[in-house]
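Everything below concerns the one structure shown next.
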Amino acid sequence: MTGLASVSAEPAYRPSDDEPFMNERQLAYFKAKLIDWKDDILRESKGTVVNLKAETENHPDLVDRASSESDRALELRTRDRQRKLIAKIDEALRRIEDGSYGYCEETGEPISLGRLEARPTATLSVEAQERHERRERVHRDD
């Protein structure tokens, strides 16, 4: 579980298009959501460290050893992705503090609340993200 649903500010509150965009209530909501998400990731990563230390046993069977090493590599790749996600969460928290959170880095337009709800670290609107992905696809094919 990612912990995104456990927002401590106001559990029943959901940002709405009927209120001013990125008002104090919405900012507090997304800040709490981001902090809870980061805390959950950090809690999981501490468990990984404990598990990796506990699994230092030597497997006499080559298949068991290979399986264990494969599991460990997968776990480390997952933690590396989560480390990068924490950096994005920290950046989103900085944007909340400087007042730029919720606005597209490319166009300056508001990012839809639905997109921010699904991806609180989003920096581009859906349209700008689609343009970015199309450009990436074109350059990748070259």
Side-chain angles (χ1 to χ4, degrees), residues 1-17 19 21-142:
M1 179 150 175
T2 62
L4 290 177
S6 62
V7 175
S8 57
E10 291 182 55
Y13 173 73
R14 287 277 184 233
S16 158
D17 290 327
E19 57 188 321
F21 187 71
M22 285 304 125
N23 60 53
E24 285 185 34
R25 196 173 184 196
Q26 287 182 357
L27 289 172
Y29 171 82
F30 284 111
K31 184 175 184 176
K33 185 173 191 148
L34 288 161
I35 289 171
D36 286 349
W37 193 11
K38 180 179 175 179
D39 289 346
D40 284 349
I41 292 170
L42 291 173
R43 200 175 331 19
E44 288 175 15
S45 69
K46 287 178 186 171
T48 297
V49 170
V50 170
N51 287 341
L52 289 176
K53 285 181 180 177
E55 291 182 13
T56 57
E57 68 223 30
N58 193 5
H59 297 286
D61 182 51
L62 289 177
V63 175
D64 287 345
R65 186 179 312 161
S67 177
S68 179
E69 289 297 321
S70 177
D71 291 347
R72 185 175 298 173
L74 178 62
E75 184 71 22
L76 291 173
R77 279 194 308 272
T78 299
R79 293 300 159 227
D80 187 52
R81 279 194 297 273
Q82 288 182 334
R83 180 186 54 79
K84 292 173 184 173
L85 179 56
I86 286 174
K88 288 181 178 186
I89 291 170
D90 287 340
E91 180 58 35
L93 290 168
R94 279 191 289 280
R95 287 194 312 274
I96 286 174
E97 295 304 317
D98 73 19
S100 63
Y101 182 80
Y103 295 92
C104 179
E105 288 182 343
E106 192 173 288
T107 66
E109 294 293 316
I111 298 172
S112 73
L113 291 174
R115 177 159 169 75
L116 289 172
E117 188 71 44
R119 185 176 214 83
T121 58
T123 59
L124 298 172
S125 65
V126 172
E127 298 81 12
Q129 182 68 38
E130 287 172 350
R131 281 193 303 273
H132 176 73
E133 289 172 4
R134 276 195 300 274
R135 281 193 303 264
E136 266 187 359
R137 208 173 306 122
V138 167
H139 293 300
R140 186 178 58 217
D141 292 341
D142 289 345

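- The line from OH of Y103 to CG of L116 is 10.5 Å long, rounded to the nearest 0.5 Å.
- In terms of the salt bridge (Lys or Arg N to Asp or Glu O under 4.0 Å) criterion, D98 has no residue partners (sequence neighbours excluded).
- Atom CD of E97 and atom CG of L27 lie 9.0 Å apart (nearest 0.5 Å).
- In this structure E19 satisfies the side chain to side chain donor-acceptor pair (under 3.5 Å) test together with Y13, N23, Q26, sequence neighbours excluded.
- T121 places a side-chain heavy atom less than 4.5 Å from the side chain of L34.
- To the nearest 0.5 Å, atom CG of residue L124 and atom CD of residue E133 are 9.5 Å apart.
- Taking CG of D17 as the start and CG of L113 as the end, the distance is 5.0 Å to the nearest 0.5 Å.
- Residues that satisfy the side chain to side chain donor-acceptor pair (under 3.5 Å) test with R77, not counting sequence neighbours, are absent from this structure.
- Not a single salt bridge (Lys or Arg N to Asp or Glu O under 4.0 Å) links D39 to another residue, sequence neighbours left out.
- Using a cut-off of 4.0 Å between Lys/Arg side-chain N and Asp/Glu carboxylate O, R115 and E109 are scored as not salt-bridged.
- Counting only heavy atoms from C-beta outward, the side chains of P15 and E117 approach each other to under 4.5 Å.
- Pairing each heavy atom of S125 with each of C104, the nearest pair is N-SG, 3.5 Å.
- With sequence neighbours left out, the salt bridge (Lys or Arg N to Asp or Glu O under 4.0 Å) criterion links R94 to E91.
- In this structure, S70 contributes its side chain and A66 its backbone to no donor-acceptor pair below 3.5 Å.
- Using a 4.5 Å heavy-atom cutoff, the side chains of P120 and K33 are in contact.
- Side-chain contact between R131 and T107 is present, with at least one heavy-atom pair separated by less than 4.5 Å.
- Residues K38 and D90 share a closest heavy-atom pair of NZ-OD1, 2.6 Å.
- Note that CG of L93 and CD1 of I35 are 5.5 Å apart. Values are rounded to the nearest 0.5 Å.
- Every residue meeting the side chain to side chain donor-acceptor pair (under 3.5 Å) condition with R43, not counting sequence neighbours, appears here in chain and number order: D40.
- Between the CZ atom of R95 and the CZ atom of F30 there is a distance of 11.5 Å, given to the nearest 0.5 Å.
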